[in-house]
Asks: 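Below you will find the structure I want to go over with you.
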Amino acid sequence: MRSFLFRLIGILEIVGGFLGVVASVRRLLPLGSTYETLMALIGLALFGFILIAGVLLMEGSERGVAFSRVAQLLQLPLLATPVLSYALHSGAFINVFATLQASPRLGIDWHLGTHGFVLAVAGPAVSRIGINLLALLSWLVLRLR
């Protein structure tokens with residue numbers, strides 16, 4: 001069961017990492033503003049790391065397990081406030097979040113076969129914070145011995 005779950009996590013990391021690297025390169029190529037270039041380079045580094053972690057995990061490397069743990073921790077938080085926004089997902093996500101406004105509400109959002117990266121000094125008018133449950137479960141599975 002452990003090897004099946006590790007392979008599943010590795011596949012999601014490889015797929016999401018590859019899609020993220022391609023998107024980051026496409027974002028980098030027009031050579032826009034300095035901010036846009038910086039965000040593309042950060043995205044390229046993050047998704048490249050996740051891709052390498054997935055490949056090493058599929059090979060059964062102990063370093064792959066360690067890298068994948070870090071990759072899952074990077075995907076854990078979801079923060080969208082008017083001051084700062086951060087979110088990262090690679091391969092799939094199940095986000096559980098709470099909107100912070102006059103009447104707070106809980107929400108859930110999920111997607112398979114996707115990638116995404118947001119890092120901004122600004123964000124939406126309606127703040128929300130949450131966690132990626134799939135990343136949390138994957139991190140816990142990677143701690144299995």
Side-chain angles (χ1 to χ4, degrees), residues 2 4-58 61-144:
R2 177 182 180 256
F4 171 75
L5 292 174
F6 277 31
R7 288 196 184 278
L8 182 61
I9 292 167
I11 289 169
L12 289 174
E13 287 178 345
I14 291 170
V15 169
F18 178 75
L19 291 173
V21 164
V22 169
S24 295
V25 168
R26 287 186 62 212
R27 189 175 175 186
L28 186 63
L29 286 181
L31 292 178
S33 68
T34 304
Y35 175 79
E36 201 54 38
T37 301
L38 181 62
M39 290 299 109
L41 287 172
I42 292 171
L44 185 63
L46 287 172
F47 286 116
F49 174 75
I50 292 171
L51 177 61
I52 291 168
V55 170
L56 291 174
L57 187 64
M58 292 291 285
S61 166
E62 196 59 39
R63 182 173 283 183
V65 174
F67 284 3
S68 291
R69 282 187 200 154
V70 173
Q72 296 305 316
L73 286 176
L74 288 170
Q75 297 178 61
L76 195 59
L78 170 64
L79 180 67
T81 66
V83 178
L84 177 70
S85 295
Y86 173 80
L88 173 69
H89 65 271
S90 178
F93 68 87
I94 302 173
N95 287 339
V96 176
F97 60 90
T99 58
L100 306 174
Q101 56 187 7
S103 59
R105 70 173 182 87
L106 294 176
I108 187 166
D109 189 18
W110 65 275
H111 206 331
L112 179 65
T114 184
H115 70 283
F117 172 61
V118 174
L119 178 62
V121 181
V126 177
S127 299
R128 66 184 197 174
I129 57 171
I131 62 167
N132 181 344
L133 281 182
L134 188 59
L136 178 61
L137 291 173
S138 298
W139 181 78
L140 290 172
V141 165
L142 288 166
R143 292 185 46 92
L144 289 177

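Predicted model only: the values in this text are computed from it and were never measured.
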Asks: Taking the inter-plane angle between the rings of F49 and F67 on a 0 to 90° scale, is it parallel (under 30°), tilted (30 to 60°) or perpendicular (over 60°)?
Replies: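 The rings of F49 and F67 sit tilted, inter-plane angle from 30° to 60°.
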Asks: My understanding is that only residues two or more places apart in sequence, or in another chain, count here; which of them pass side chain to side chain contact (heavy atoms under 4.5 Å, CB included) with P124?
Replies: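 Per chain and number, P124 pairs via side chain to side chain contact (heavy atoms under 4.5 Å, CB included) with A80, S85.
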Asks: Could you walk me through whether F47 and V22 pass the side-chain contact (heavy atoms from CB on, under 4.5 Å) test, one step at a time?
Replies: CA-CA 9 Å; F47 286 116; V22 169; over 6 Å; no
Asks: So, using salt bridge (charged side-chain N to carboxylate O under 4.0 Å, His left out) as the criterion, who are the partners of R128 when residues are at least two apart?
Replies: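 Here no residue qualifies.
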Asks: So V21 and L44, side-chain contact (heavy atoms from CB on, under 4.5 Å) or not? Walk me through it.
Replies: CA-CA 5 Å; V21 164; L44 185 63; 3.8 Å; yes
Asks: Evaluate L134 against F93 for side-chain contact (heavy atoms from CB on, under 4.5 Å), listing each step before the verdict.
Replies: CA-CA 6 Å; L134 188 59; F93 68 87; 5.6 Å; no
Asks: Take atom CZ of F4 as the centre, draw a 6.0 Å sphere, and report whether it contains more than 12 heavy atoms from other residues, nucleotides or ligands.
Replies: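 It does not: F4 CZ has 12 such atoms or fewer within range.
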Asks: For the residue pair A92 and N132, what are the closest heavy atoms and their distance?
Replies: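 Scanning both residues completely, I find the closest heavy atoms to be O-ND2, 4.2 Å.
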Asks: Minimum heavy-atom separation for E13 to S68, with atom names?
Replies: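 For E13 versus S68, the nearest heavy atoms are OE1-OG, 2.8 Å.
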Asks: Does atom CZ of F18 have more than 12 heavy-atom neighbours, drawn from other residues, nucleotides or ligands, at distances under 6.0 Å?
Replies: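 Open: at most 12 neighbouring heavy atoms sit under 6.0 Å from CZ of F18.
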Asks: Please find the pair of heavy atoms, one from A23 and one from H115, that lie closest to each other, and give the distance.
Replies: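 Taking A23 first and H115 second, the nearest heavy atoms are CB-NE2, 3.4 Å.
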Asks: Taking atom CG of L142 and atom CD1 of I9, what is their separation to the nearest 0.5 Å?
Replies: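 Spacing of CG (L142) from CD1 (I9) equals 4.0 Å.
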